[in-house]
Amino acid sequence: AGEQCLLRFQPGQPAKAFLDPPVRGEAIRALCADGDTLWVGTYYSTLLKWDAGGVQVVAPAGSFAGGISSIVREAADTLWIGTSSGLHRWEKGKVQTWTTRDGLLTANIRTLHREAAGTLWIGTLGGGLARMKDGRFVHITTRQGLIDDVISQIMPDDSGALWLGCNRGIMRVERSK
């Protein structure tokens, strides 16, 4: 995935390039695998769905404030989408949005991680790490011991911790905090 292209690699087959609309003209910034479906988010806030029927637009450019930076699945046709201007829950075309007015320290979302039990971890640009559970936010920042408030990656491990990628390196945070 990249600027105006999407490539599919399958073992033993030649790579298949998707260069025509709706991919052409888009800058792909986020991917979310969902079984045989791939959700694709773009800089221009377009949400694409790639499945057996091909690539289709499910939310046109501008459907979300800011460019899409991260996508995680909640359920069939329900996604959490991070953008440079907020957190969005997309369900079959209906969008609910959270910003600083709703409790986020910054609306610039860099990465998302959703746990099976429903907790959503949110990496931000300047607001550290946020945890959304039952509709409420808890924030973890440099004031609580993070080495940076810019979180670009969130990866869980088998020991119950989250590994965070940031501008100053990698850090480990216990999920129970």
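Here, residue 1 is the first one in the sequence, and each next residue gets the next number. Predicted model only: the values in this text are computed from it and were never measured.
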*State, to 0.1 Å, how close Ile71 and Gly41 come at their nearest heavy-atom pair, and which atoms those are.*
CD1-N, 3.4 Å
_Separation between CG of Leu31 and OG of Ser70, rounded to the nearest 0.5 Å_ = 10.0 Å
*asked:* To the nearest 0.5 Å, what is the distance between CH2 on Trp90 and CD1 on Ile68?
replied: 10.5 Å
*asked:* With side-chain contact (heavy atoms from CB on, under 4.5 Å) as the criterion, how do Arg89 and Val95 come out once you've worked through the C-alpha distance, each side chain's angles and the decisive distance to 0.1 Å?
replied: CA-CA 6 Å; Arg89 184 175 183 271; Val95 179; over 6 Å; no
*asked:* Has His113 got a side-chain atom pairing as donor or acceptor with Leu162's backbone, closer than 3.5 angstrom?
replied: no
_Distance (rounded to the nearest 0.5 Å) between Thr78 OG1 and Glu91 CD_ = 3.5 Å
*What pair of heavy atoms forms the shortest contact from Phe9 to Ala15, and how long is it?*
CE2-CB, 3.5 Å
*For Ile170, look at atom CD1 and say whether over 12 heavy atoms of other residues, nucleotides or ligands are found less than 6.0 Å away.*
no
*Between atom CG of Leu79 and atom CG of Leu47, what is the distance when rounded to the nearest 0.5 Å?*
6.0 Å
*Are Leu48 and Trp50 joined in one hydrophobic group, where the rule is that I, L, V, M, F, W and Y side chains link up if heavy atoms are under 4.5 Å apart?*
yes
*Do any N or O atoms from the side chain of Ser69 and from the backbone of Gly82 form a donor-acceptor pair under 3.5 angstrom?*
yes
*Looking only at heavy atoms, what is the nearest atom pair of Ile109 and Leu87, with distance?*
CG1-N, 4.1 Å
*Hey, does the side chain of Thr124 reach the backbone of Gly128 with a donor-acceptor pair shorter than 3.5 angstrom?*
yes
*Val72 and Phe137: same hydrophobic cluster, using ILVMFWY side-chain contacts below 4.5 Å?*
yes
*Pairwise side-chain contact, Cys32 with Leu38, heavy-atom cut-off 4.5 Å (strictly under)*: no
*Does a donor on one side chain sit under 3.5 Å from an acceptor on the other, for Asp149 and Thr142?*
yes
*Side-chain donor or acceptor of Asp157 paired with backbone N/O of Gly160 under 3.5 Å*: yes
*With the 4.5 Å side-chain cut-off for hydrophobic clustering, are Leu112 and Leu104 part of the same group?*
yes
_salt bridge (Lys or Arg N to Asp or Glu O under 4.0 Å) between Asp77 and Lys92, intermediate numbers included_ = CA-CA 5 Å; Asp77 291 326; Lys92 298 178 185 173; 5.3 Å; no
*With the side chain counted from C-beta on, respond yes when Arg114 and Glu74 share a heavy-atom pair under 4.5 Å apart, and no when they do not.*
yes
_Audit row: Gln56, Asp51, side-chain contact (heavy atoms from CB on, under 4.5 Å) steps and yes/no_ = CA-CA 9 Å; Gln56 59 188 319; Asp51 57 18; 3.8 Å; yes
*What heavy-atom pair brings Gly127 and Thr141 nearest, and what distance separates the two atoms?*
O-CG2, 3.6 Å
*Measuring from Asp102:CG to Arg136:CZ, what's the distance to the nearest 0.5 Å?*
13.5 Å
*In terms of heavy-atom contacts, does CZ of Arg172 have more than 12 from other residues, nucleotides or ligands at under 6.0 Å?*
yes
*Ignoring hydrogens and geometry, is there a side-chain-to-backbone donor-acceptor pair from Ser45 to Phe64 under 3.5 Å?*
yes
_Ignoring hydrogens and geometry beyond distance, is a side-chain donor-acceptor pair present between Thr111 and Gln153 at under 3.5 Å?_
no
*Taking all atoms of both residues into account, what is the closest heavy-atom pair of Val173 and Leu164, and its distance?*
CG2-CD1, 3.6 Å
*Honestly, is Arg175 close enough over Trp121, meaning NZ or CZ under 6.0 Å from the six-membered ring centre and within 45° of the axis?*
no
_Glu26 side chain vs Val23 backbone, donor-acceptor pair below 3.5 Å_ = no
*Side-chain donor or acceptor of Ser84 paired with backbone N/O of Asn108 under 3.5 Å*: no
*Working to the nearest 0.5 Å, report the span between CG of Asn167 and CD1 of Ile147.*
9.5 Å
*Does Leu146 reach the side chain of Met171, with side-chain heavy atoms less than 4.5 Å apart?*
yes
*Under a 4.5 Å side-chain heavy-atom rule over Ile, Leu, Val, Met, Phe, Trp and Tyr, are Leu125 and Leu105 clustered together?*
no
_Sub-4.5 Å side-chain heavy-atom contact between Thr83 and His88_ = yes
*Spell out, as yes or no, whether a donor-acceptor pair under 3.5 Å connects the side chain of Thr99 to the backbone of Gly86.*
no
*Taking all atoms of both residues into account, what is the closest heavy-atom pair of Ile122 and Met132, and its distance?*
CD1-CB, 4.1 Å
*Going hydrophobic residue to hydrophobic residue with side-chain gaps under 4.5 angstrom, can you get from Val58 over to Val55?*
no
*Can Ile151 and Arg110 be said to form a side-chain contact (heavy atoms from CB on, under 4.5 Å), step by step?*
CA-CA 7 Å; Ile151 309 298; Arg110 301 288 297 241; 5.9 Å; no
